[in-house]
**Student:** 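Starting off with a structure, shown below.
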2 protein chains.
Amino acid sequence: MGIAERRARQKEALRSRILDAAGQLFVEEGFANVSLRKIAERIEYSPATIYLYFRDKHHLLTSLCGDTFAQLKTELERLENEERDALEGLRKGLRFYIDFGLEHPNHYLMTFCTPHEFYHQAASTPEFQHTNKIGLETFDCLRRALRRCRDQGLLEFEDLEATSQVAWTFIHGLTSLLILYYDDPHFPWVGRDRLIETGLDQILNGLRATAPVAS
Amino acid sequence: MGIAERRARQKEALRSRILDAAGQLFVEEGFANVSLRKIAERIEYSPATIYLYFRDKHHLLTSLCGDTFAQLKTELERLENEERDALEGLRKGLRFYIDFGLEHPNHYLMTFCTPHEFYHQAASTPEFQHTNKIGLETFDCLRRALRRCRDQGLLEFEDLEATSQVAWTFIHGLTSLLILYYDDPHFPWVGRDRLIETGLDQILNGLRATAPVAS
DNA sequence: TTGACAAACTGAACGCCGTTCGCTAAGTTG
DNA sequence: CAACTTAGCGAACGGCGTTCAGTTTGTCAA
C-alpha cells in the first residue's frame, strides 16, 4: 500500500506550500492585506483548492501561529537549559520574547493583538487546540524561570501565578507598542534598546523589594 | 449672512450623526465588522454621503479615537488636581487608564491594537493631527505624575522619558490582554482585580529601588 | 419671478474580497 | 475496460470600500 502513503505525502506537501506562501505574504504585507487569491496565485493553484486544506482564512493564521510559538518555545527552553544564572536566564528570556516579537511582527500582532472572537466556535479544531497547547507551554517557561529565581532567593513575590501573568502582560505591552507605533514620528520615543532595557530593569526591580510601595 | 452659518451648523450636525452612528456600531460589533453601508443605513443616508464628510473609513476611526482620548485626558487631569498625595495620584491614574480601557474595549483596541499603517499618508489631515495632539497630551499626564513623585522623593529613576514610556507600555499590555483574552477559558487567569493590583504594585515597586537589579 | 449657479446628495458601478458548489479530469481499483 | 474516488478548478454569490456622473435642493442676482 505505498500509493496511499505517497498520496498522503503529496497532500501534506501541498499543505506546507500553502502555509509557507501564506506565512511569507502575511509577514510581507500583513494579515488584512493578503487575500486567498494572492496566496493561491503564488503557489499556482486556484483559491478554491486552499479550502480543501484549511477551513478558512483564520485557520491558516492559527496554524502559522502554532508554528511560530513552537519556535519561540524551543528557543526559550534552550535558553533555560543553557543559562546557569537564574536571574540572567529570566532576563534573557524576557529579552528574547521581545526581540522575537519584533522579528516576527505580523505573527505577533496576529496572535496577540487581533480580536479572534472565534475561540469559542473554533476551539475544537485540531489547529486551534495545538496552537493553544503550545502557547500555554510557552507561558510555562516564564513561570518556571520566575519560580527558579524565587527558589534561589534572587527574587521575592507572593503569588507566582499572578506575578508570571503580570510579567507577561508587561513584556507584551512593550513588544506590541514597539511593533505598532515605534515608527510613528509623532511620539517622542526614546531609543528602542534603551526602552527595552529600562523596561526589563523595571520588571526585575519590582520583584526584588519585599513590600508593596503603595501607602 | 445667517444662511451660511445655518448651513455650517447643519453640516456639523450631520457630521456628528455619522460619528455617533459609527461609534455605536464600532463599539457594538468591532471595527472590522462594521461597513460603511451599515453606518449609512443607520443614519438613513447613502454610503456615498459619508465620503463628503470623511476621507475614508479609517478617518472615522481616527476622529472617534480623538474624542475618546479627550475624555480620558479630562478625567486624568481632574484626578491630578484633586489628589494631593502624588504617589496615590499616580496609582489612581494608572488604575483609571486600565479601567477606562476595559470600559471602552473597542475604542481601546481600535486606538492601540490596530495596525493603522496610515499615519504617513494621513498625517496631514486635521482629524489625525487633532487625535495625535490629544494623545500626546494624555501621555503627558503620566509624565507629569511621575515627575511629581520623583520631585517629592517618592520614586527614584534616572530617565523620566524612558520611565514614562515604559510605564505606559506596561499598563497598555495589562489592559489590552485583559480586553482580548481575559475571557479565554484556556488560559489560567488569576482574578482580574488581583492581576491589576499586582501589576500596579510591581510598577511602583520597580521605581522605588535605586540601582538596577541586573548583575 | 426667473434663471443661473452652487451645494448636498445619491444610484450605479468598479474592482476587490472570502467563500461555496457543481463540474472536470486524473488516478486507482476490481 | 468500467466503476469509483479524489484533487482541483471555473464561475458565481453576496458583501466590501470607494468613485463619479448625475439629480435634487437651496440660494441669490437681475
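Below, all heavy atoms of this structure are taken into account, side chains as well, without hydrogens, waters or symmetry copies. Quick note on labels: first sequence line is chain A, next is B, and so on, each numbered from 1.
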**Student:** Nearest whole Å is fine: how far is C/dG18 P from A/F54 CZ?
**Tutor:** 15 Å

**Student:** Could you tell me whether the phosphate oxygens of C/dT29, OP1 or OP2, come under 4.0 Å of any side-chain nitrogen or oxygen in A/R7?
**Tutor:** no

**Student:** Grab the CZ-C1' distance between B/F31 and D/dG17 for me, whole Å please.
**Tutor:** 11 Å

**Student:** Start with the C-alpha distance between B/L207 and B/L146, add both sets of side-chain angles, then the distance that settles side-chain contact (heavy atoms from CB on, under 4.5 Å), and finish with yes or no.
**Tutor:** CA-CA 10 Å; B/L207 294 174; B/L146 280 168; 3.8 Å; yes

**Student:** Pull out every residue in residues 34-53 of chain B that has a heavy atom closer than 4.0 Å to any atom of DNA chain C, ordered by number, or say none.
**Tutor:** B/R37, B/Y45, B/S46, B/A48, B/T49, B/L52, B/Y53

**Student:** Quick one: B/R15 CZ to C/dC9 C1', roughly how many Å, whole number?
**Tutor:** 18 Å

**Student:** Rounding to a whole Å, what distance do you find between B/R6:CZ and C/dA6:P?
**Tutor:** 19 Å

**Student:** Distance check needed: C/dC17 P versus A/L25 CG, whole Å only.
**Tutor:** 12 Å

**Student:** Under the side chain to side chain contact (heavy atoms under 4.5 Å, CB included) test, which residues partner A/L136, sequence neighbours left out?
**Tutor:** A/N132, B/F187, B/P188

**Student:** To the nearest angstrom, how far is B/H58 atom NE2 from D/dG17 atom P?
**Tutor:** 10 Å

**Student:** Parallel, tilted or perpendicular: which describes the rings of B/H104 and B/H107, with under 30° parallel and over 60° perpendicular?
**Tutor:** perpendicular

**Student:** Out of D/dA7, D/dG26, C/dG27, which nucleotide sits closest to the side chain of A/K11?
**Tutor:** D/dA7

**Student:** When you compare the side chains of B/D56 and B/H58, does any donor N or O come within less than 3.5 Å of an acceptor on the partner?
**Tutor:** no

**Student:** List the residues meeting side chain to side chain contact (heavy atoms under 4.5 Å, CB included) with B/E12, not counting sequence neighbours, and say none if there are none.
**Tutor:** B/R15, B/S16

**Student:** Can you tell which of C/dG18, D/dG26, D/dG17 lies closest to the side chain of B/K57?
**Tutor:** D/dG17

**Student:** Once you measure the plane-to-plane angle for B/Y108 and B/Y97, does it fall in the parallel (<30°), tilted (30-60°) or perpendicular (>60°) bin?
**Tutor:** perpendicular

**Student:** Between B/Q10 (CD) and C/dC9 (P), how many Å, whole number?
**Tutor:** 8 Å

